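Take a look at the structure below.
Residues take their numbers from the sequence shown, with the count starting at 1. Whatever order the structure lists them in is the order used to number ligands and atoms, beginning at 1. In this text, all values refer to a predicted model and were calculated from it rather than measured experimentally.
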Amino acid sequence: MLSLVPLRDLTPLGAALTAEGLPVDDLAQPGRRFFEAVDAHGTRIGFGGLEGAGQDQLLRSLVIDKAARGKGLGRALVAAMNDAARDSGAERLWLLTIDAADYFRGLGFADAERAMAPAVVTESLQFTTLCPGSAKLLMKRV
Ligand SMILES: CC(C)(COP(=O)(O)OP(=O)(O)OC[C@H]1O[C@@H](n2cnc3c(N)ncnc32)[C@H](O)[C@@H]1OP(=O)(O)O)[C@@H](O)C(=O)NCCC(=O)NCCS
C-alpha cells in the first residue's frame, strides 16, 4: 500500500531530484503540489508532484528511493498521482521525460506532439527551460 502526504518541507525532495539529475529550480514557485509517498509503515519511499490545477496537469518530480525500486512502487506512485490529479479536476495528465519514456508508455501514457501541449505544459519551466527540447512529451487520460 502506498499513500500520498502533502509535502511542506521541499528540502528532501530537492535532494532526491538533484541526485537523479531532475529539475529543482522551480520547486518553490506557486501552482505546484508536491507529495511524499509513504508505505504501510509510514516510511517515505519516494516523491511526486503535480503542476497546474485544471483539466490538464503536469506530472513531475517522480522519484522512488533507490533501495525500494523494482517492486512496483513506481507504478503505485503513478497510480496515486493519477488519482490525486483526477480528484482535483484533471482530465489529462502530461509528462516530460528524458530517459523514462518507455517506463511511462508501459503505464498507459502515449506520445504526444509538443504542438498539442496545453498551456500548463508549454508555460512550465520544465518545458521552456529546465528540460531539453529532446525531452519526450507524453499524455494519459486520467
Ligand atoms: C522511474 C522510477 C520512478 C520507477 O520506480 P520503480 O519503483 O523502480 O518502478 P516499478 O517497480 O513500478 O517498475 C520497475 C520496472 O520499470 C523499469 N524501469 C525503471 N526505470 C525505467 C526507465 N527509466 N525506462 C524504462 N524502464 C524503466 C525497470 O527496469 C523495471 O522493469 P521490470 O519490471 O521489467 O524489471 C524509478 O526508477 C526512479 O525513481 N528513477 C529515477 C527518477 C526518474 O527517472 N523519474 C522519472 C522522471 S520523469
Q. To the nearest 0.1 Å, how far is atom 11 (O) of ligand 1 from its closest protein heavy atom, and which atom is that?
A. Gly72 N, 2.7 Å

Q.
Which heavy atom of Arg60 sits nearest to which heavy atom of Pro23, and what is that distance?
A. NH2-O, 4.1 Å

Q.
Looking at Lys66 and Glu20, is any side-chain nitrogen of the basic one under 4.0 Å from a carboxylate oxygen of the acidic one?
A. yes

Q | Heavy atom of the protein closest to atom 9 (O) of ligand 1 (residue, atom name, distance) | A | Tyr103 OH, 3.0 Å

Q) Just which atoms of ligand 1 are under 4.0 Å from any heavy atom in Thr97? A) 48 (S)

Q) Which ligand 1 atoms does Val63 reach within 4.0 Å, using its non-hydrogen atoms? A) 39 (O)

(Q) Could you tell me, atom by atom, which parts of ligand 1 come under 4.0 Å of a heavy atom of Lys71? (A) 11 (O)

(Q) Is there a path of hydrophobic side-chain contacts, each under 4.5 Å between heavy atoms, that joins Leu62 and Val142? (A) yes

Q) side-chain contact (heavy atoms from CB on, under 4.5 Å) between Leu27 and Phe34: does it pass, once the steps are laid out? A) CA-CA 9 Å; Leu27 292 184; Phe34 296 102; 3.6 Å; yes

Q. How far is atom 39 (O) of ligand 1 from its nearest protein heavy atom, and which residue and atom name does that atom have?
A. Ile64 N, 2.9 Å

Q: For atom 45 (N) of ligand 1, decide whether some protein heavy-atom distance is shorter than 4.0 Å.
A: yes

Q. Taking both backbone and side-chain atoms of Gly70, is any N or O found less than 3.5 Å from an N or O belonging to ligand 1?
A. yes

Q. Would you say atom 34 (O) of ligand 1 has a protein heavy atom nearer than 4.0 Å?
A. no

Q. Looking at Lys136 and Asp102, does any basic side-chain N land under 4.0 Å from a carboxylate oxygen?
A. no

**Q.** Nearest non-hydrogen protein atom, atom 37 (O) of ligand 1
**A.** Arg69 CD, 3.4 Å

Q. Taking atom types as modelled and ignoring hydrogens, do the side chains of Arg86 and Gln57 form a donor-acceptor contact shorter than 3.5 angstrom?
A. no

Q | Protein heavy atom at shortest distance from atom 43 (C) of ligand 1 | A | Leu62 O, 3.7 Å

Q: Say whether Phe127 and Ile98 are linked into one hydrophobic cluster, either directly or through other cluster members, by side-chain heavy-atom distances under 4.5 angstrom.
A: no

Q: Determine if the distance from atom 4 (C) of ligand 1 to the closest protein heavy atom is below 4.0 Å.
A: yes

Q: Could you list the atoms of ligand 1 found under 4.0 angstrom from a heavy atom of Arg75?
A: 12 (O)

Q: Taking atom 31 (O) of ligand 1 as the reference point, report whether a protein heavy atom occurs under 4.0 Å from it.
A: no

Q) Any side-chain donor paired with an acceptor under 3.5 Å for Arg33 and Ser88? A) yes

Q.
Among all the protein's non-hydrogen atoms, which is closest to atom 7 (O) of ligand 1, and how far away is it?
A. Gly74 N, 2.8 Å

Q. Just by modelled atom types, is the Thr11 backbone N or O under 3.5 Å from a matching donor or acceptor in the Asp9 side chain?
A. yes

(Q) Check for me, please, whether Phe104 and Leu73 land in the same ILVMFWY cluster - side-chain distances under 4.5 Å, paths through other members count. (A) yes

